[in-house]
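The analysis underlying the following values was restricted to heavy atoms, covering all of them including side chains, and did not include hydrogens, waters or symmetry mates. Letters go in sequence order (proteins before strands), and every chain restarts at 1. These figures come from a predicted structure and were not determined experimentally.
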Amino acid sequence: MVNKTEKIPGKPLCVAGFRIFRGALVPRAQSRVLGDILQVIEQAPLFSPMTPYGRKMSVRMTSAGRLGWYSDRSGYRYVDRHPSGTSWPSIPDSVLEIWQVFLPDAPQPESCLVNYYGEGARMGLHQDRDEGDFSFPVLSVSLGDDALFRMGGTARRGKTSSIWLKSGDVVVIGGAARLAYHGIDRIRSGSSSLVPGGGRVNLTLRVVR
DNA sequence: TAGTAGCT
DNA sequence: TTGA
């Protein structure tokens, strides 16, 4: 069991409306969540989607929950099946607990996107706008290697700023930041030993509707 | 531990 | 362009 106090740090660091909770999960909580996510990956193996422009994404991903994020030549969307045809595994309780602590007044998340960043993986600047409802924040959990997180505004060409996210950090992307551009520029390979085989696992929890 | 960016 |  993860202690609630373990997940509540001091004041969040706020960058461009992104609320960053440094060290929200203590190492023991990180291990528990990662263990649960490795089980999700066993049931629903990681895959690298194709962008609508025909490029293979460097990030490998899968999902848990009713809906999972997917991309191919037809575009970005949420689907109710893994590419293998099976339903997505349910979202682990350890993960739902984090949502509950940070967003007690929000409905339960319907999607937990699991992104795995190996050495050299990146994710370009983008908006999370494939959901049908933007009323609720997106919650991100970082596990494993450090990642250079880039944040902008709602305009594609606006100013951006970056911060290194570390294992155990939680980012709440809501309010003014809900439709703000963001991405991962670089992974500091080998900076954490949490993930077996190395790399970074990022979880993004969302109300999709 | 280039870069807590930015341009095309 | 969830990319280079």
*Can A/Ser48 and A/Arg60 be said to form a side chain to side chain donor-acceptor pair (under 3.5 Å), step by step?*
CA-CA 5 Å; A/Ser48 288; A/Arg60 297 168 67 213; 4.8 Å; no
*With a 4.0 Å cut-off, would you call A/Arg32 and A/Glu97 a salt bridge?*
yes
*asked:* For A/Arg188, is there an ion pair with A/Asp145 - N to carboxylate O distance below 4.0 angstrom?
replied: no
*asked:* For A/Tyr76 together with A/Trp69, are the ring centres under 6.0 Å from each other?
replied: yes
*Enumerate the residue pairs fulfilling ring-ring contact (aromatic ring centres under 6.0 Å, His included) with a member in residues 26-57 of chain A, sequence neighbours excluded, ordered by first and then second residue.*
A/Phe47-A/Tyr70, A/Phe47-A/His82
Give every donor-acceptor pair under 3.5 Å between a side-chain atom in residues 197-209 of chain A and any protein atom, sequence neighbours left out.
from     : atom 1 : to       : atom 2 : distance (Å)
A/Arg200 : NH2    : A/Ser142 : OG     : 2.8
A/Arg200 : NH2    : A/Asn202 : OD1    : 3.3
A/Asn202 : OD1    : A/Ser140 : OG     : 3.0
A/Thr204 : OG1    : A/Arg206 : NH1    : 3.0
A/Arg206 : NE     : A/Tyr78  : OH     : 3.3
A/Arg206 : NE     : A/Asp128 : OD2    : 3.4
A/Arg206 : NE     : A/Glu131 : OE2    : 3.2
A/Arg206 : NH2    : A/Asp128 : OD2    : 2.7
A/Arg209 : NH1    : A/Asp133 : OD2    : 3.0

*Check every nucleotide of DNA chain C for an atom under 4.0 Å from a heavy-atom of chain A, then give the first and the last such nucleotide from 5' to 3'.*
C/dT1 to C/dA4
*Before giving the answer on side chain to side chain contact (heavy atoms under 4.5 Å, CB included), spell out for A/Ile187 and A/Asp146 the whole-Å C-alpha distance, their side-chain angles and the decisive distance to 0.1 Å.*
CA-CA 6 Å; A/Ile187 296 298; A/Asp146 301 347; over 6 Å; no
*Please step through side chain to side chain contact (heavy atoms under 4.5 Å, CB included) for the pair A/Val171 and A/Arg19, ending with a clear verdict.*
CA-CA 6 Å; A/Val171 184; A/Arg19 298 169 66 215; over 6 Å; no
Taking C-beta and beyond as the side chain, do [X] and [Y] meet within less than 4.5 Å on heavy atoms?
X	Y	value
A/Pro89	A/Thr62	no
A/Val59	A/Tyr116	no
A/Asp72	A/Pro52	no

*Output the residues of residues 144-159 of chain A in contact with DNA chain C, where contact means a heavy atom of the residue under 4.0 Å from an atom of the strand; sort by number or write none.*
none
_Below 30° counts as parallel, above 60° as perpendicular, anything between as tilted: where do the rings of A/Phe21 and A/Phe102 land?_
perpendicular
_Let me check I have this right: for DNA chain B, each base becomes ., (, ), [, ] or |, based on Watson-Crick or G-U pairs with both distances under 3.5 Å. What is the full string?_
.......|
*asked:* Within the 4.0 Å heavy-atom criterion, would you say A/Ser71 contacts the bases, only the backbone, or no part of the nucleic acid?
replied: nothing
*Which parts of residues 163-197 of chain A get close to DNA chain B, meaning a heavy atom less than 4.0 angstrom away?*
A/Ile163, A/Arg186, A/Arg188
*Starting at CD of A/Gln30, measure out to CG of A/Asp169 and round the result to the nearest 0.5 Å.*
8.5 Å
*When the C1' atoms of B/dT4 and B/dT8 are considered, how many whole Å apart are they?*
23 Å
